[in-house]
Amino acid sequence: MSQDFISMLNEISEKWQRKWEESRIFERNPEERQKFYTTVAFPYPNSPFHLGHGRTYTTCDIYARYKRMQGYNVLFPMGFHYTGTPIVTMADDVAKGDKELIEIFEKIYEIPSSVIPKLSDPLFMANYFKEEIKKAMKELGLSIDWRREFTTIDPEFSSFIVWQFNKLQSMGYVVKDTHPVGWCPVHNLPVGMHDTKGDVEPEIGQYVLIYFETPFGYLPIATLRPETVFGAVAVWISPKDKYSVVEVDGKRLILSKKASFRLSFQLDLKEVQELTSEELQKVKAVNPITGREVPIIPADFVDPTLATGVVMSVPAHAPFDYYYLKKSKLELPIVPVVKLDNTDAMARDVVEKENPKSDADLKKLTELVYRTEYNKGKMREDVVDLVKPEYREELKEIAGKPVPEARKIITDFVVKKKLGKQIYEIMNKPVYCRCGNEVVVKILKDQWFLDYGNPEWKAKTKKLLSKMRVIPPEVRKDFEYAIDWLEKRACARTRGLGTPLPWDKKWIIESLSDSTIYMAYYTIAHKIKQHKLHASQLTLDFWDYVMLGRGNPEEISKSTGIDKSVIEDMRREFLYWYPLDVRHSGPDLIPNHLSFFLFNHSAIFPEELWPKGLAINGFILYEGKKMSKSLRNILPLRKAIRMYGADVIRIALACTVDLGSDANFTDVGAKAIADALRRFYEIVTAHYSGDVMGKPERWLLSKFNNLVKEVTAEMGELDLRGALNKVLYEMTSNVNEYFEMVRAEGREPNGKVMKRIGLEWTKLLSPFAPHLAEEIWHKLGNETFVSLEKWPTYNEAEIDVKLELEHEFVEQVIGDVRSILNVFKGTPTQVMIFAAGKGEMEKLRKAIEVTSSGGTLKNLMDQLRPSSKEEARTLQKIYQMVISMPETIKKMASYDIDEYQVLKENARYIEHKLGLNVTVEQFDENVRARYNKEALPLRPAIVVQ
RNA sequence: GCCACCGUAGCUCAGCCCGGCUAGAGCGCCGGCCUUGUAAGGUAAAGCAGGAGAGCCGGUGGUCGCGGGUUCGAAUCCCGCCGGUGGCUCCA
């Protein structure tokens, strides 16, 4: 039963994990041997691991184990990422008694209720989950060198980050700039997704303000569609709010009170006067682009909290405007400015046609108009005639332009002429901070950025990418795109755990910025611990020498008090492991972490130390669905390992689909893997008493050698799915086939051959299912670790293609007989097989030759010149047969095979498989006459009685 | 909206790059091996009725999302459409 087997798997897994740890075989130091250095993005311990986390680590481990068996000195280290806000936020939530979160911790992750209150301390949470994750990693059988473990808030690691940022700073890659962020006006803090109600990311976009002149000052209409300003025939204001006159950039602007509060976070503004909407309605406004004087009208649909609380009215292109203007019975013209194929005033058309009943209906129509005009609209040629004479020349080019281009032209014009400006707004507003206040946009001044837009830096990074191996190859273009697209990126925040920015300590270096070159830190992390070095000793000079070979170790030794030999040893160790050979990750990290990883390596390290490979794997679904808190379908990794066994989980996560695809973990799938492993175990550990070395043995060895050859190639390409399929399924069916073959000969499987194959086969399984492989390896009488054994090589001399083809031929004949039996009426007792004569093979070869070079039946006849009608008919049949013949059987024709002999030799096997008496004879004219059957080459005549 | 990837058996997926193999694999499903009962005094079970955890043997299963086009020939190449998933910056 598979459950018993899984229990056994769990027992042996624990045993072998312990033995690996005791013998320290995965703790690697520099050696003469060639190295292989691989890493996975380190985990962020704000929850235990679930199934999905396991895939990348397992993929990396399987490849690491394979490389190790190939003779490389393999290093696979691990650390923990404490930097950033989510741990802090989550701890806060626990402190606040967040029911959902606590329920997930208790019910899904089965965290003891005595521990839960302690999780309100962020450091306790991080440490607790770190240990939890570490256990999961060990239980999964990952071959990690744990001596090198660290966390990103260790002071020693901080000294390394300080060094990195000093380097980036000196290269001019760190810049100061302003930056809009979501902001809570009460907390006075930036607000990210984790800080909002319902975990909504505040989306920040830009509105264009255009200043309409009034006697009180300028009315800044706010719009996402500045290109329609030519068609503005009125200005809407809100009757629900008062208006303030404020001074901005030396101009007087009129904003709703609420807007003025919100905008005070991004504009330097001073209130000078208060107005009611009634006072405003009494005056007129002048469109600064057209010079047209327009009325100011109150409207309920105007949201005084959005942007400036002032909106222009463009009835030709805005359904709200058309609808409410019509309702207001004001005689205002409709001025169309954007043309489509079938209309010039889409808003009017859709409102008339759809007859909206509510603001919600109007909103839908607005989206439709907006989308259609944006994608298909062009500016009318005559918009220029609407423009004030003094601007006409400069705006002439806008005529006929598609909407997106026109929008850019008018925006630039307005900003340049100071007829308006751009402001930021929360596009998905309202977004609320967890404290309940609505989030606004704040312009952060003096924010620190990493300037990924720097062209020189981009060029260097692209060069790095071009020299790097990327698996699967399709994702390379995602990286090219991401590198092109990245611009300035904020690299410091005001809260969270992490390393303070060295030259401006109120900022904490942000989590995606302090995790870009830490792979270099692993190479010497254990030495820092071993020599008990203090962070204060790890100076800029120290890191300059260890990482870049700059400076004099003697002087550094003096200034830091670290032994010169220790410093030099660390430099040597770094150079031994670096560059990184392969980094494994999920696709979510392509546009950020992995791209930053490339950028920072290209900046800091010389070309010969640039990373050499990236492998990107897909996600894990659970029973066809993405795991999520809301679906409550999270399966914790440690629980899954208990349920199915580590080896089963490894295979289910990493080997059921190809690398780049998402894998679906299912209960039945996992049990099927357990069954397959059990079959493997039973076959390999059984005792076989035969000693005959016959054709079946040679066939099996040939198959096995071929398999080793193919699997090795697939492992090299990280085609774990293909490799595992062959190792676990294909080989098992080969062995079963072999058992059939010897059974047909009435004998036992050959013990020596089975032992030899069992050992080699176990090695092939070992990267995938290391625990079971170790157990079998020892059961078979070995004292060593199979994890450290040499990966099997194939012996070309044992590959007998002809023998394999012969067997395939026999299988094909058996298949043919079966299909005849399927339609045979009555009870069959006897099968007669008549093989075609040897001479016929020549015709077949010729036919294959002719068809594969594109020839026709006529060409074949011309070449062979049949001497009789009979022969011509046979040729025709051969020709037809070749057209639908499998490649492998075609290939057989190129070997000198005596099919009569082959069938004769395999007659007992065929009998055994069919359970019927079988005779094999040469085909001749008598047979043709008697049974009215024809034997073609490799297609013997079959008669069932 | 834009970009990327995907749509093949009941399910999970190969095959597509580079057109031609009988479109494959695993799981599932069905049948058999197994088992219980059933004839006249006993024995025997073809048939019939029922039971089966695994295993073994055999079998079943597909308008290749839809519509056009290129070609002697399309799951494969091209175009359009429909459906799904992910990404689109300060979030780890």
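Nothing here was measured: the structure is a model prediction, and the numbers come from that model. Letters A, B, ... are given to chains in the order of the sequence lines, protein chains preceding strands, and every chain is numbered from 1. Heavy-atom basis, side chains included; hydrogens, waters and symmetry copies ignored.
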Novice: Classify A:E510 by what it touches in the nucleic acid, base, sugar-phosphate, or nothing, heavy-atom distance under 4.0 Å.
Specialist: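 Since only primed, P, OP1 and OP2 atoms lie under 4.0 Å of A:E510, the category is sugar-phosphate.
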
Novice: Quick one: is A:T656 getting a side-chain N or O under 4.0 Å of the B:rU12 phosphate, OP1 or OP2?
Specialist: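 A:T656 to B:rU12 OP1/OP2: no side-chain N or O under 4.0 Å.
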
Novice: Is the A:H593 ring parallel, tilted or perpendicular to the A:Y518 ring (thresholds 30°, 60°)?
Specialist: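 Because their plane-to-plane angle lies in the 30° to 60° range, the rings of A:H593 and A:Y518 count as tilted.
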
Novice: Suppose you measure atom C1' in B:rG59 against the same atom in B:rC21; what distance do you get, rounded to whole Å?
Specialist: 23 Å

Novice: For B:rA9 versus B:rC66, give the span between their P atoms, rounded off to a whole number of Å.
Specialist: 11 Å

Novice: Could you please name the partner base of B:rC90, counting Watson-Crick and G-U wobble pairs only when both distances are under 3.5 Å?
Specialist: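 WC or wobble partner does not exist here.
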
Novice: Respond yes when some side-chain nitrogen or oxygen of A:R679 is under 4.0 Å from OP1 or OP2 of B:rG55, and no when none is.
Specialist: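 Result: yes.
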
Novice: Taking salt bridge (charged side-chain N to carboxylate O under 4.0 Å, His left out) as the definition, give me every residue that meets it alongside A:R743, ordered by chain and number, with sequence neighbours left out.
Specialist: A:E740

Novice: Using the C1' atom in both, what is the distance from B:rC34 to B:rG7, to the nearest Å?
Specialist: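 My reading of the C1' atoms in B:rC34 and B:rG7 gives 43 Å.
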
Novice: Counting Watson-Crick and G-U wobble pairs only, both distances under 3.5 Å, name the nucleotide matched with B:rA75, or none.
Specialist: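 In the structure as shown, B:rA75 has no Watson-Crick or wobble partner.
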
Novice: Quick test of your reading of the model: are A:R493 and A:E510 salt-bridged, counting only N-O distances below 4.0 Å?
Specialist: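 Answer for the salt bridge query: no.
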
Novice: Taking only the P atom of each, what is the distance from B:rC16 to B:rC72 in whole angstrom?
Specialist: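 My reading of the P atoms in B:rC16 and B:rC72 gives 24 Å.
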
Novice: What integer number of Å spans the C1' atoms of B:rA23 and B:rC81?
Specialist: 26 Å

Novice: Looking at the side chain of A:P591, which of B:rC91, B:rC13, B:rG87 is the nearest nucleotide?
Specialist: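 Comparing B:rC91, B:rC13, B:rG87 against the side chain of A:P591, the answer is B:rG87.
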
Novice: Under 4.0 Å: is that the gap between some side-chain N or O of A:R493 and OP1 or OP2 of B:rC91?
Specialist: yes

Novice: Could you please name the option among B:rA4, B:rC57, B:rG55 that lies closest to any side-chain atom of A:D675?
Specialist: B:rG55

Novice: Return the pairing partner of B:rA49 with a 3.5 Å limit on both distances, Watson-Crick or G-U wobble; otherwise return none.
Specialist: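 B:rA49 is paired with B:rU36.
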
Novice: Please state the C1' separation for the pair B:rG42 and B:rG51 - nearest whole angstrom.
Specialist: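 Looking at atom C1' only, B:rG42 and B:rG51 are 27 Å apart.
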
Novice: Taking only the C1' atom of each, what is the distance from B:rC82 to B:rG61 in whole angstrom?
Specialist: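 Each nucleotide's C1' atom is 27 Å from the other's.
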
Novice: Looking across every strand, which nucleic acid part, if any, lies under 4.0 Å from A:S661 by heavy atom: base, sugar-phosphate, or nothing?
Specialist: sugar-phosphate

Novice: Let's see if you can work this out: which of B:rC57, B:rU12, B:rA14 has an atom nearest to the side-chain heavy atoms of A:R721?
Specialist: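 Shortest atom-to-atom distance from the side chain points to B:rA14.
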
Novice: NA contact type, A:K477, heavy-atom cut-off 4.0 Å: base, sugar-phosphate, or nothing?
Specialist: sugar-phosphate

Novice: Of A:C491 and A:D662, whose closest RNA chain B nucleotide lies nearer the 5' terminus?
Specialist: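 Mapping each residue to its closest nucleotide by heavy atoms, the 5'-most match is A:D662.
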
Novice: Is B:rG31 paired to anything, Watson-Crick or G-U wobble with both distances less than 3.5 Å, and if yes, which nucleotide?
Specialist: B:rC57

Novice: Would A:V441 and A:I426 satisfy side chain to side chain contact (heavy atoms under 4.5 Å, CB included), going step by step from the backbone distance to the final call?
Specialist: CA-CA 7 Å; A:V441 178; A:I426 305 284; 3.7 Å; yes

Novice: Scan A:N46 against the nucleic acid and name what it touches under 4.0 Å (heavy atoms): base, sugar-phosphate only, or nothing.
Specialist: nothing

Novice: Looking at B:rA14, which nucleotide sits across from it as a Watson-Crick or G-U wobble partner, both distances under 3.5 angstrom, or is there none?
Specialist: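 For B:rA14, the partner nucleotide comes out as none, under the 3.5 Å rule.
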
Novice: May I ask you to check if A:R489 and A:F596 form a cation-pi contact, with NZ or CZ under 6.0 angstrom from the six-membered ring centre and within 45° of the axis?
Specialist: no

Novice: Assign A:I673 to base, sugar-phosphate, or nothing according to its heavy-atom contacts below 4.0 angstrom with the strands shown.
Specialist: nothing

Novice: Is B:rU43 paired to anything, Watson-Crick or G-U wobble with both distances less than 3.5 Å, and if yes, which nucleotide?
Specialist: none

Novice: Any Lys/Arg nitrogen of A:E682 or A:R678 sitting under 4.0 Å from an Asp/Glu carboxylate oxygen of the other?
Specialist: yes

Novice: Suppose you measure atom C1' in B:rU70 against the same atom in B:rC78; what distance do you get, rounded to whole Å?
Specialist: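 Straight-line distance between the two C1' atoms is 7 Å.
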
Novice: Quick check on RNA chain B: between A:D658 and A:R743, whose nearest nucleotide comes earlier from the 5' end?
Specialist: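 Residue closer to the 5' terminus by nearest nucleotide: A:D658.
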
